[in-house]
Amino acid sequence: LPEWWANSRVIFPPQQNLEQASGEEAARFKSTLVGGGSLLDLTGGTGIDAFYLSENFEQVTVVEPVKELCELIRHNFAVFDRRVEVVQSSAKNFLKSNHRMFDQIYVDPSRRTKSQQRIFDFKDYAPNIPELMPLMLQKSSKILVKALPMIDLRMGCRELGGCRRVVTLAVRNEMKEILYDIERNLDERPVIHAVNLEGKRYEIFEFNQDNSHKSIPELSRPLGYIYEPNSAIRKAGLYDELARVYRLKKLHPNTHLYTSQAFHQEYPGKIFGEVELIKQDKKNIKQRFPNGLVNVISKNYPLGANELKKKYRLNDGGTEFLVFCEISHLGKTALVCTRK
């Protein structure tokens with residue numbers, strides 16, 4: 001949260017609340033998805049999402065049951081001269097007792113039990129989102145729901161209903177959250193947006209399920225370049241759809257690495273070049289990397305990256321990558337390449 005951290009008047013919430021909060025980059029991106037006259041944030045928490053979402057709304061109402069967090073939200077909004085109405089209440093009680101309509105509702109339910117265990121089913125969140133959905137849709141025709149990256153995308157759509165868009169959101173290739181964009185009386189398959197934020201550059205791949213052409217990429221030995229989809233693509237399960245768009249071939253049906261003789265600079269993920277097949281015995285790898293420095297990747301391989309580093313006495317470093325994977329017609333093998 002660099003903007004907040006730079007202001008000495010900001011009061012930060014307890015660590016437990018911060019652990020669930022969005023980072024500034026993710027919160028700023030969410031603000032591009034919504035806008036209108038009035039926003040209702042039903043799960044105020046730290047107030048970070050409401051703060052950045054407020055940039056696109058004339059009026060902002062935040063609901064939060066904990067008194068101390070209510071006071072903190074009021075204070076931090078005032079620090080930045082932002083207007084906000086903060087109501088101390090549970091989401092359910094507020095929806096039942098308040099008769100106002102809102103242009104947009106945002107909800108980021110608590111995803112931990114009283115024993116601090118994480119949960120992955122919407123009905124177990126606090127508040128229970130499927131239970132509240134009819135009440136929320138009475139107050140607004142548009143609802144944005146934030147969920148854990150571990151949630152099953154399609155299960156979430158079935159539980160919530162009315163999904164117009166599902167966003168898998170990553171920051172610097174680390175999955176952060178899933179966003180369900182819901183509209184009242186909507187009955188169609190959602191568009192999936194896989195988004196990876198790389199500083200000021202956004203990698204966005206959009207997939208319209210209604211216009212999909214399901215096809216399996218052709219299998220191939222490694223060619224001039226190796227392509228690895230980013231984590232948002234992987235979470236959305238859009239590996240092969242992305243390969244079709246960029247006309248890539250696949251190394252193996254179960255290895256989510258792709259290859260081509262062409263270089264696609266705009267590809268949303270990592271690109272490797274100078275590809276070389278090597279023998280994966282200890283002596284050969286020792287000769288190839290005498291100082292033991294190479295960045296190890298494991299894809300569809302019996303051992304993970306850490307196990308491989310231990311086995312071959314390697315440490316991440318240098319400019320080269322050693323990729324252990326399975327390739328059709330070649331079996332388990334290893335590739336040496338460099339990042340492009």
Side-chain angles (χ1 to χ4, degrees), residues 19 117-118 120 148-152 168 170-176 194 196-198 203 216-240 242-243 246 248-261 263-264 267-340:
E19 286 177 353
Q117 292 179 318
R118 291 193 172 191
F120 311 107
L148 277 174
M150 296 77 138
I151 200 165
D152 182 280
T168 58
V171 177
R172 293 181 181 84
N173 207 30
E174 180 184 353
M175 271 302 305
K176 292 296 185 180
N196 181 43
L197 310 181
E198 290 282 353
E203 295 177 344
I216 300 175
E218 179 184 344
L219 300 178
S220 170
R221 294 169 63 99
L223 302 174
Y225 297 94
I226 300 293
Y227 291 83
E228 180 188 9
N230 65 41
S231 61
I233 298 287
R234 298 199 298 272
K235 175 60 186 177
L238 299 179
Y239 325 94
D240 292 346
L242 183 66
Y246 286 93
L248 306 178
K249 297 179 180 180
K250 199 171 186 179
L251 296 186
H252 184 275
N254 299 320
T255 301
H256 298 306
L257 292 173
Y258 300 81
T259 189
S260 173
Q261 289 288 10
F263 178 63
H264 301 285
Y267 177 83
K270 295 177 182 177
I271 308 174
F272 302 94
E274 302 171 33
V275 183
E276 174 191 354
L277 281 166
I278 68 167
K279 293 180 180 179
Q280 47 189 325
D281 60 82
K282 290 183 179 180
K283 182 179 178 180
N284 184 59
I285 290 177
K286 179 65 177 177
Q287 289 176 343
R288 187 67 174 75
F289 306 103
N291 61 1
L293 288 179
V294 63
N295 301 288
V296 177
I297 296 175
S298 175
K299 294 287 184 181
N300 189 29
Y301 198 83
L303 300 178
N306 289 333
E307 294 172 297
L308 288 164
K309 284 186 282 187
K310 184 177 181 180
K311 177 180 178 178
Y312 294 105
R313 297 182 180 179
L314 300 171
N315 291 295
D316 284 334
T319 59
E320 290 184 302
F321 288 77
L322 180 57
V323 183
F324 292 85
C325 62
E326 183 170 0
I327 300 176
S328 291
H329 311 305
L330 294 179
K332 303 289 191 298
T333 188
L335 305 171
V336 177
C337 48
T338 57
R339 181 80 183 271
K340 295 298 179 184

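Atom set for the values below is all heavy atoms of this structure, side chains included, hydrogens, waters and symmetry mates excluded. Treat the numbers as computed from the prediction; the structure is a model and nothing was measured.
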Derivation of the side chain to side chain contact (heavy atoms under 4.5 Å, CB included) call for Arg339 and Asn295: CA-CA 10 Å; Arg339 181 80 183 271; Asn295 301 288; over 6 Å; no

Pair Ile278-Leu335, side chain to side chain contact (heavy atoms under 4.5 Å, CB included): steps then yes or no: CA-CA 6 Å; Ile278 68 167; Leu335 305 171; over 6 Å; no

Step-by-step side chain to side chain contact (heavy atoms under 4.5 Å, CB included) determination, Ser220 to Leu251: CA-CA 5 Å; Ser220 170; Leu251 296 186; 5.8 Å; no

Intermediate values then yes/no, side chain to side chain contact (heavy atoms under 4.5 Å, CB included), Tyr301 and Glu326: CA-CA 6 Å; Tyr301 198 83; Glu326 183 170 0; 6.0 Å; no

Derivation of the side chain to side chain donor-acceptor pair (under 3.5 Å) call for Glu228 and Tyr267: CA-CA 9 Å; Glu228 180 188 9; Tyr267 177 83; over 6 Å; no

Hey, can you pull the donor-acceptor pairs under 3.5 Å for the side chains in residues 229-236, sequence neighbours left out?
from   : atom 1 : to     : atom 2 : distance (Å)
Asn230 : OD1    : Ala232 : N      : 3.1
Asn230 : OD1    : Ile233 : N      : 2.9
Asn230 : ND2    : Glu203 : OE1    : 2.9
Asn230 : ND2    : Pro268 : O      : 3.1
Ser231 : OG     : Asn173 : O      : 2.9
Ser231 : OG     : Asn173 : OD1    : 3.4
Arg234 : NH1    : Pro229 : O      : 2.6
Lys235 : NZ     : Pro149 : O      : 2.8
Lys235 : NZ     : Ile151 : O      : 2.7

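For the pairing with His252, the side chain to side chain contact (heavy atoms under 4.5 Å, CB included) check across Leu257, Asn300, Ile327 returns one residue only, Asn300. When each of Leu308, Val294, Asn291 is paired with Leu314, the side chain to side chain contact (heavy atoms under 4.5 Å, CB included) condition holds for Val294 and for no other. Looking at Thr255, Thr259, Asp240 one by one, the single match for side chain to side chain donor-acceptor pair (under 3.5 Å) with Lys250 turns out to be Asp240.
For residues 251-261, no pair satisfies salt bridge (Lys or Arg N to Asp or Glu O under 4.0 Å), with sequence neighbours left out.
Cys337 contributes atom SG, which lies 12.0 Å from atom CD1 of Ile271 (distance to the nearest 0.5 angstrom). Taken from CG in Leu322 to CZ in Phe289, the straight-line distance is 5.0 Å, to the nearest 0.5 Å. In this structure, the separation between CD on Glu274 and CD on Glu276 is 10.0 Å, given to the nearest 0.5 Å. Summarising the geometry, atom CD belonging to Glu320 is positioned 12.0 Å from atom CZ belonging to Phe272; distances are rounded to the nearest 0.5 Å.
Every side-chain contact (heavy atoms from CB on, under 4.5 Å) that Asn315 has, sequence neighbours left out, goes to Leu293. By the ring-ring contact (aromatic ring centres under 6.0 Å, His included) test, Tyr239 pairs with His256, sequence neighbours left out. Partners of Lys282 by side-chain contact (heavy atoms from CB on, under 4.5 Å), not counting sequence neighbours, listed by chain and number: Lys311, Tyr312. Remark: Lys279 engages Asp281, Asn284 in a side-chain contact (heavy atoms from CB on, under 4.5 Å) (not counting sequence neighbours).
Heavy atoms only, all atoms of each residue included: Val275 and Gly224 are closest at CG2-O, 3.8 Å. Minimum heavy-atom separation, Tyr258 to Pro217: CE2-CG, 4.1 Å. Leu277 and Pro222 make their closest contact through CD2-CG, 4.5 Å (heavy atoms, listed as atom of the first residue, atom of the second, distance).
Using a 4.5 Å heavy-atom threshold, the side chains of Leu303 and Ser298 count as separate. You'll find the side chain of Gln280 reaches within 4.5 Å of the side chain of Phe324, heavy atoms only. At a threshold of 4.5 Å between non-hydrogen side-chain atoms, the residues Ile297 and Lys299 count as touching.
A salt bridge is defined here as a Lys NZ or Arg NE, NH1 or NH2 lying under 4.0 Å from an Asp or Glu carboxylate O, and Lys176 with Glu174 meets this definition.
Taking the centre of each ring, Tyr227 and Tyr246 stay at or above the 6.0 Å mark.
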